[in-house]
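Not measured: the values here are computed from a predicted model.
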There are 2 protein chains.
Amino acid sequence: MSDIISGATRNTRQRFEVLALLDEIADFRTPQQLHALLRERGAQVGLTTVYRTLQLLQDAGEVDATRLPGGEQLFRRCGASHHHHLVCRSCNATVEVRGPAVERWTERIAAEHGFTEIGHTLEIFGTCSRCSR
Amino acid sequence: MSDIISGATRNTRQRFEVLALLDEIADFRTPQQLHALLRERGAQVGLTTVYRTLQLLQDAGEVDATRLPGGEQLFRRCGASHHHHLVCRSCNATVEVRGPAVERWTERIAAEHGFTEIGHTLEIFGTCSRCSR
DNA sequence: ATTCGTAATGAAATTCGTTTCCAAGAAGAC
DNA sequence: GTCTTCTTGGAAACGAATTTCATTACGAAT
């Protein structure tokens with residue numbers, strides 16, 4: 001059980017490459033961007049494998065996923081505890097934010113309406129100070 | 001200025017059909033579902049036009065848009081004031097919820113990090129009481 | 001009511017992100 | 001090394017959404 005990704009049974013070079021890249025990057029990236037970055041650095045990994053690895057990592061809770069307003073997926077390696085993101089519209093710079101009050105609010109609102117198995121998505125978009133110059 | 005949609009200059013049969021349908025439906029629907037419903041009732045409206053009309057309505061603030069976890073668009077006719085949605089995962093039943101405290105929280109958090117032109121998305125997903133039986 | 005300019009339509013083609021297919025490749029157990 | 005089978009990756013498929021462009025028809029002018 002020395003698997004680098006729980007749920008996967010084999011440790012392949014490609015999975016190491018994807019994980020290594022994610023470890024170096026702070027902000028969110030699309031699967032395509034990650035794939036392009038891997039090619040740039042000479043890592044031979046297929047786009048399909050990038051998608052599959054990200055899916056595995058997401059299932060294992062190793063990466064954090066969100067979506068651009070357009071619907072495109074974004075991934076980022078991150079800590080385990082629940083949080084939300086403040087994302088720059090133009091450069092994708094990301095700040096993790098925690099909002100316990102919001103979590104409690106969603107739980108309460110949903111319960112008031114008889115909903116169960118509650119989940120939520122909350123993303124804040126804006127222009128970061130660097131980009132707004 | 002007797003336009004049914006501000007921003008559009010002509011009132012076409014197709015736009016009336018889409019609006020009429022939206023007025024009858026309470027919950028969110030995808031553009032494709034709306035198109036199918038129109039065809040079922042014999043209304044001859046192209047899928048392209050459904051997409052375009054929904055876009056116009058969204059720009060005019062006449063409909064409310066969100067996305068399924070998978071990224072697909074959802075539209076619904078709704079009131080003008082800003083609010084969020086509590087959506088049932090299985091039947092798309094929707095409850096509008098307002099959370100002024102959350103709005104203020106996002107503004108504050110974003111400002112603290114130097115972000116401007118702030119927007120946010122917040123959707124709560126769950127299983128409604130009817131579906132959880 | 002007829003004409004006319006142009007906005008709007010819609011079927012087909014295109015785009016683009018993502019998933020599936022499947023033959024070839026390579027972990028890892030023995 | 002051998003074998004099993006999980007994994008890979010290019011190609012093809014897929015599906016939502018958008019664009020194209022010839023046709024249609026709204027609605028203002030006459």
Chain A reaches DNA chain D, atoms under 4.0 Å from its heavy atoms, from D/dT5 to D/dA11
Atom CZ of A/Arg15 and atom P of C/dA26: how far apart are they, to the nearest Å? 15 Å
Exercise: do B/Gln14 and B/Thr49 side chains pair donor with acceptor under 3.5 Å: no
Assign each of A/Arg13 and B/Val45 the nucleotide of DNA chain C bearing its closest heavy atom; nearer the 5' end lies the nucleotide of B/Val45
For atom CZ of A/Phe16 and atom P of C/dA27, their distance in whole Å: 10 Å
Determine: side-chain N/O of B/Thr9 to OP1/OP2 of C/dA8, distance under 4.0 Å, yes or no. yes
Taking the inter-plane angle between the rings of B/Phe28 and B/His85 on a 0 to 90° scale, is it parallel (under 30°), tilted (30 to 60°) or perpendicular (over 60°)? perpendicular
How many whole angstroms separate atom CZ of B/Arg39 from atom C1' of C/dG10? 10 Å
When we call it a touch if two heavy atoms are under 4.0 Å apart, what does A/Gln32 touch: a base, just sugar-phosphate, or nothing? base
Roughly how many Å is it from CG in B/Leu47 to C1' in C/dT14, rounded to a whole number? 14 Å
Have a look at A/Gln44 and say if it touches a base, only the backbone sugar-phosphate, or nothing, with a 4.0 Å heavy-atom cut-off. sugar-phosphate
For the residue pair A/His120 and A/His84, does the interplanar ring angle fall in the parallel (under 30°), tilted (30 to 60°) or perpendicular (over 60°) class? tilted
Which is true for A/Thr12 with a 4.0 Å heavy-atom rule: it touches a base, it touches only sugar-phosphate, or it touches nothing? sugar-phosphate
So CZ of B/Arg76 and CG of B/Asp27: to nearest 0.5 Å the spacing works out to 6.5 Å
From CZ of A/Arg29 over to C1' of C/dG17, roughly how many Å is that when rounded to an integer? 18 Å
Round to the nearest Å and state the distance from B/Leu34 atom CG to C/dG10 atom P. 15 Å
Kindly say if B/Gln14 contacts the phosphate of C/dG10, meaning a side-chain N or O under 4.0 Å from OP1 or OP2. yes
Going by salt bridge (charged side-chain N to carboxylate O under 4.0 Å, His left out), name the residues that satisfy it together with B/Arg130, two or more places apart in sequence or in a different chain. none
Salt bridge check, B/Asp64 against B/Arg77: does any charged N sit closer than 4.0 Å to a carboxylate O? no
Give, ordered by number, those residues of residues 49-59 of chain B having at least one heavy-atom distance below 4.0 Å to an atom of DNA chain C; if nothing qualifies, reply none. B/Thr49, B/Arg52
Looking at B/Arg10, does any N or O in its side chain come under 4.0 Å of the phosphate oxygens OP1/OP2 on C/dT6? no
